[in-house]
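All heavy atoms count here, side chains included; hydrogens, waters and symmetry mates do not.
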Amino acid sequence: METTERNAERTQELFERLGGTVADGFPALHSPVYHTGRGTPYLRTPGVVMLARPQTNVAGLGGFLEGFDPELRFPEYLEDPTQLPDSSQLCKTAGQTCFDDETEVLTDDGWKKFEDLDRSELVLTLNPKTGVAEFQRPEGYQVYDYEGFVFGFESSSLSFLLTPDHRQWAKVRDLDQYGFYPTWQVASRTFLVRTAPDGWQGAVPDFVEIPGFDYSQRISNHVGGDYGTRNYSVPSLRFDESESIRAFALLCVYYATEGSLHKGEGEGIVIYGNHVEDVKRLAETLGLKAHAYMDSRNDCPRTMVHGGKRVSRFFEDQCGKGSQNKKLPGWVLNLPSDWLEEIWATLVKTDGHVQKRSGTEYLVTTSKALADQAQEILCKIGYGSRLRENKKIEGRLQTYAVCRKTRKQTYVNRGNKIEGKHYTGKVYCVTTSNGIVFVRRNGKPHFSGNCYMSFGPRRTTNENAAGYFERLTSAGHGSVLEHASFSFLLYGISRSVTHELVRHRAGAGFSQTSQRYVSGSVLRFVERPEYGEDAELHRLFEERADRAAAEYGEMADRLLERQGSGSSMLSADHKTDARKKVQQTARSLLPNETEAPMVFSGNVRALRHIIEMRADAHAESEIRNLALRLFLCLRTADPILFGDYELGELPDGTYTVSTRNRKA
């Protein structure tokens, strides 16, 4: 491929050689009119006149940009000293990068789909300097409709589906450090992503509490006499020492995996299974009474932890009722990592198993909420994980398996490969100051680079806009190109060409001259390129044009005579309708070489597709001539959006236009 500079020079030279002009920013390539010996007009080349192009009001963004935190410096977007063509500016402003609608993000209120964020949450991020996980409040939120190319990846440890410019937090081969890379840049390379942090600080709360409550009791005697009511107050149970807080957290785990509520006399909770001594020690540390007994139905040990209604109320409210609704209190998830390691071990001991050969640890639970929390715990203690929905057995509750991975990073493009896909739907993301966010898709979480709004100090400046669009088009991410449109007058083109051009309906509009409404006085013809260099073919074309014009005129005259004599098929109540009936009948004599002017509009994405298809070396010569001139005008109007194209010259002296970034 030639250098960009040399290709730009060649394009400009050809535009000028073909008689191109620019007036007030609107390029045109006019076509001279020739006449046969009998005076019949015809044209040899297409005429292309740009009638309309985008006008972008960047200053109009001011009110929007000023509504964000001043520290984001979004208004600086309006101060970019490099001017762009309005079409490039419009497409650049529209550009965004994000996750698909099945991706979830970990918040301080659990896993949530991006669409469900109420913008009060903190999201889990990774400090890129220390590798420590921490929660941050997003600085911005992105959501928009998207149709186009995306990158997807699926392995046993990782799943993502995102737009090509979305940033990966990755480590590529031959480099020791992690860094940010657009997915398009590493899509064909092997790289690593983080599935867990290097650390999590966490904190032990100053205290935790089982709330008390007030209640009233009616006083009566043995015959039902009413002596009023008496008010009582059950005090709270407060734990403010490290050992008691630890014991309380572990008791919550036992309840979430093996517990149930016990109502009525001796109210409290019951823990099933061979955990009697462990549960008794925890109860003793908390100052609660506990006793063990055997369930007569299945000879399974049970440990009853007393504490009355306040204990049963707490566990029902904070940890759920029924196995499919169990969960841990939020403060448990934010404990230090060494405490969380003990909590994970207890989850596995009570409701999980360890695979004998590999030593892989699993939690199996009927509670989706508890499975989600287990993945959060594994992340904070430095392990990757996978959550899988097991095959449901009829008559039983759905179960979920959480697997602890031994590594905190995983490979992309080793074995399983990134695949390009088409996606239609909404895409989402958030902006964090760390630039990284913990996300999950198909139960497989990892730390991903997140979006930064294109208005901030880290934006692509206008000076680098050409590189920005090169990345978009090379990745096939052409949806933002649909925002800018151009309109043209096309003349000196035959009806055979227009029949081909109007097939490009997506993103384009056509208004073509109708021969039913245009009289023979403006009839013109188009000579094919092959005839111009061959004297005999040129002579035959001129004779054919003269003959077609004469036959059309003669037929129109005869039809007018019939109309005047009262022919029922040619008569009409209005003069316009009468003329139309004559012309629509006479036009059947006209050949495909008849000129058919039109006004044609298309967005940049559609125009690029037309150029790639119709200016190709294999395209029909007449429409290739038109596509070349369309390209020259577009390249003159916007050298950035059409700057990746290269001119080629065929042995016959005609030109082709091609790009390495096809189907953007």
Side-chain angles (χ1 to χ4, degrees), residues 97-100 103-106 123-136 150-201 337 360 375-376 378-387 403-420 429-452 458 460 467-468 470-472 474-475 477:
T97 53
C98 288
F99 296 101
D100 80 319
T103 305
E104 301 168 281
V105 59
L106 183 58
V123 298
L124 190 68
T125 75
L126 186 74
N127 187 311
K129 295 180 180 179
T130 65
V132 172
E134 55 194 24
F135 281 103
Q136 291 183 339
V150 292
F151 282 121
F153 181 76
E154 199 75 40
S155 71
S156 62
S157 302
L158 181 65
S159 174
F160 61 71
L161 188 69
L162 38 81
T163 53
D165 244 25
H166 189 92
R167 302 186 305 162
Q168 298 279 357
W169 176 245
K171 184 165 70 173
V172 298
R173 185 175 296 176
D174 302 327
L175 292 179
D176 295 331
Q177 302 296 322
Y178 272 80
F180 292 107
Y181 299 90
T183 301
W184 66 264
Q185 187 175 337
V186 293
S188 60
R189 303 174 65 181
T190 300
F191 61 94
L192 283 163
V193 298
R194 297 294 299 266
T195 54
D198 288 330
W200 159 257
Q201 199 145 11
S337 57
T360 303
Q375 279 200 300
E376 181 175 346
L378 285 172
C379 169
K380 291 174 177 176
I381 63 177
Y383 292 100
S385 65
R386 182 187 69 226
L387 188 158
C403 166
R404 189 193 79 170
K405 299 286 187 178
T406 56
R407 293 166 56 88
K408 60 179 64 177
Q409 54 189 6
T410 189
Y411 277 103
V412 179
N413 286 334
R414 176 182 283 187
N416 301 72
K417 303 294 183 182
I418 288 179
E419 295 181 353
C429 201
V430 295
T431 302
T432 65
S433 59
N434 277 342
I436 302 171
V437 66
F438 195 55
V439 295
R440 177 179 74 175
R441 190 172 186 275
N442 291 336
K444 304 162 191 175
H446 75 289
F447 283 100
S448 171
N450 61 229
C451 291
Y452 58 92
R458 291 182 289 180
T460 299
Y468 170 74
E470 170 72 18
R471 294 194 296 273
L472 290 183
S474 65
H477 182 38

Query raised in the report: Just wondering, are more than 12 heavy atoms of other shown residues or ligands nearer than 6.0 Å to OH in Tyr383?
Result: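 Open.
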Could you give the distance from [atom1] ([X]) to [atom2] ([Y]), rounded to the nearest 0.5 Å?
X      : Y      : atom1 : atom2 : answer
Tyr411 : Ser155 : OH    : OG    : 13.0 Å
Leu192 : Asn413 : CG    : CG    : 11.0 Å
Lys408 : Leu378 : NZ    : CG    : 12.5 Å
Phe135 : Leu106 : CZ    : CG    : 5.0 Å
Lys405 : Ser385 : NZ    : OG    : 9.0 Å

Quick check against the 3.5 Å criterion: does [X] have a side-chain atom that pairs as donor or acceptor with the backbone of [Y]?
X      : Y      : answer
Thr125 : Glu134 : yes
Gln375 : Pro445 : no
Ser448 : Val437 : no

**Report entry** side-chain contact (heavy atoms from CB on, under 4.5 Å) between Arg441 and His446, worked out
**Finding:** CA-CA 9 Å; Arg441 190 172 186 275; His446 75 289; over 6 Å; no
Looking only at non-hydrogen atoms, find the nearest pair between [X] and [Y] and report the distance.
X      : Y      : result
Ile418 : Phe153 : N-CD1, 3.8 Å
Ala133 : Leu126 : N-CD1, 4.2 Å
Tyr178 : Gln409 : OH-OE1, 2.8 Å
Ala170 : Phe191 : CB-CD1, 3.5 Å
Asn450 : Thr431 : ND2-CA, 3.8 Å
Gly384 : Thr195 : CA-OG1, 3.7 Å

**Report entry** side-chain hydrogen bond (donor to acceptor under 3.5 Å, both in side chains) partner of Thr183, the single match among His166, Gln168, Arg167
**Finding:** Gln168
**Report entry** Residue pair Phe160, Phe99: steps toward the side-chain contact (heavy atoms from CB on, under 4.5 Å) verdict
**Finding:** CA-CA 8 Å; Phe160 61 71; Phe99 296 101; 5.6 Å; no
Query - side-chain contact (heavy atoms from CB on, under 4.5 Å) between Arg440 and Thr103, intermediate numbers included - result: CA-CA 6 Å; Arg440 177 179 74 175; Thr103 305; over 6 Å; no
**Report entry** Residue from Asp100, Leu161, Leu162 passing side-chain contact (heavy atoms from CB on, under 4.5 Å) with Val150
**Finding:**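 In the set Asp100, Leu161, Leu162, the residue that makes a side-chain contact (heavy atoms from CB on, under 4.5 Å) with Val150 is Leu161.
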Query raised in the report: What is the ring orientation for Trp169 with Phe180, classed by angle as parallel under 30°, tilted 30 to 60°, or perpendicular over 60°?
Result: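 Judged by the thresholds at 30° and 60°, the geometry between Trp169 and Phe180 is tilted.
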Report task. Determine, stepwise, if the pair Phe447 / Cys379 fulfils side-chain contact (heavy atoms from CB on, under 4.5 Å). Result -> CA-CA 10 Å; Phe447 283 100; Cys379 169; 4.1 Å; yes
Report task. Would you check if Glu419 and Glu154 make a side-chain contact, meaning some heavy-atom pair closer than 4.5 Å? Result -> no
Requested in this report: Step by step, work out the side chain to side chain donor-acceptor pair (under 3.5 Å) result for Ser159 and Asn442.
Outcome: CA-CA 6 Å; Ser159 174; Asn442 291 336; 3.2 Å; yes
Report task. Kindly state each residue pair satisfying salt bridge (Lys or Arg N to Asp or Glu O under 4.0 Å) with at least one member in residues 183-194, sequence neighbours excluded. Result ->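 Sorted result for residues 183-194: Arg194-Asp198.
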